[in-house]
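Worksheet for the structure shown next.
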2 protein chains.
Amino acid sequence: MRLTRAGEYAVRCVMCLARNGGTESVVSRQDVAACGDIPSHFLAKIAQQLSRAGIIEILQGAKGGYRLLVAPEKLSLLTVIEAMIGEIFLNDCVVRPESCHASLSCAVNKVWMQARDQLRQTLAGVTFAKLLQEESCCILQGDKFPTQDEKNA
Amino acid sequence: MRLTRAGEYAVRCVMCLARNGGTESVVSRQDVAACGDIPSHFLAKIAQQLSRAGIIEILQGAKGGYRLLVAPEKLSLLTVIEAMIGEIFLNDCVVRPESCHASLSCAVNKVWMQARDQLRQTLAGVTFAKLLQEESCCILQGDKFPTQDEKNA
DNA sequence: ACAATTAAGACATTTTTTGTCTTATATAAA
DNA sequence: TTTATATAAGACAAAAAATGTCTTAATTGT
């Protein structure tokens, strides 16, 4: 009953992108990995899932990297997490009724359904814009990576 | 982010005991296992943990079995689940701040803390007495297995 | 062309969970 | 007291899930 490492990394990745220019700039995988303390190759797989979910865009080639596709104001924790680990649930019987012969008429099952809905709602209510207003999990607290223009300058 | 099988089994076990006489009677491991569709030897280990937590009493020898020690009105889902899987949490950083260098000042961490508290509160509010008033997850409604015909009748 | 960068996915490792088995012990009843 | 019926305790095995690494190929900017 806990968030997987992959889910945590996905959140860190998006936090990092949101902080460093949001939908406007590209951050390399290396930089995101360093920022979020994420194994670089593991991040690659996570990014691919975030990309398939339409949350980020992956740019190949030299000067490639990741770019946020959704504005931090419109992106919730729930969206990112469920893109990584699938729909959140707290007990098997909520998503796989066949795992318990009585799910449909079960009082315990109803509690888990309710708890799940409550949790999803809580996470849906938290946007990355909101999170950015406070401190963050990244190593580089305030530091921004140089934008393309700044690099060229 | 889901209840383990062991946790689910523990809930079924307590439900079964609560239904079959509550704190007044002893139910054999075999019967509880059949009732809750739980591997018998696995149940043994689960029962031992419930016993250590003071939730049930284990009676050895012929006619031995398990007996509920806490009245269903005073026993919550949270108590049983946490007896099995430890304190509930949704993200590592909530219980192991060292898993993320920024936990203490992290906005995401705060969300997980809040979500955890909310979930625990929900589960704490559900007693087994309440659950018993409705349908249940156990195969055995009373003392025997209902056939399909009996169910339909 | 070359250097930098990610894609894709196979592979390995580790951790967690689930389940089984064996030997020992306790209890009820004949 | 002996026997049948239970559980205790924990070693062991198997399965599943999560995490991490590596290799080959493709893409892009200079």
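The basis for the numbers below is simple: all heavy atoms, side chains too, and nothing from hydrogens, waters or symmetry mates.
Between A/A62 and B/K63, the one whose closest nucleotide on DNA chain C sits nearer the 5' end is A/A62. Summary of the strand contacts: B/K45 and A/Q48 both lie near DNA chain C, and taking for each the nucleotide with the nearest heavy atom, the more 5' one is attributed to A/Q48. Summary of the strand contacts: A/G61 and A/S40 both lie near DNA chain D, and taking for each the nucleotide with the nearest heavy atom, the more 5' one is attributed to A/S40.
Electrostatic pairing of B/K130 and B/E73 does not count as a salt bridge here, judged by no charged N lying under 4.0 Å from a carboxylate O. A salt bridge links A/R116 with A/E87; the closest basic N to acidic carboxylate O contact falls under 4.0 Å.
D/dA25 atom P lies 15 Å from atom NE2 of A/H41, rounded to whole Å. Computed from coordinates, the B/R29 CZ to D/dA6 C1' distance equals 8 Å when rounded to whole Å. In this structure, A/E57 atom CD and C/dA7 atom C1' are separated by 15 Å, rounded to whole Å. C/dT17 atom C1' lies 16 Å from atom CG of B/L43, rounded to whole Å. Rounded to an integer number of Å, the gap from CZ of B/F42 to P of C/dC21 is 15 Å. The distance between atom OH of B/Y9 and atom C1' of C/dT20, rounded to the nearest whole Å, is 13 Å. The distance between atom CZ of A/R52 and atom P of C/dG9, rounded to the nearest whole Å, is 8 Å. Taking atom CD on A/Q60 and atom P on D/dA26, their separation rounds to 11 Å, with Å as the unit.
Side-chain contact of B/Q118 with A/T122: a donor-acceptor pair under 3.5 Å is present, judged by distance alone. At a cut-off of 3.5 Å, with distance as the only test, a side-chain donor of B/R29 or B/S40 sits close to an acceptor on the other residue.
Using a 4.0 Å heavy-atom distance criterion, A/A47 is classed as making no nucleic acid contact.
Proximity note for A/Y66 (side chain, C-beta onward) versus D/dT19, C/dA7, D/dG20: the nearest is C/dA7.
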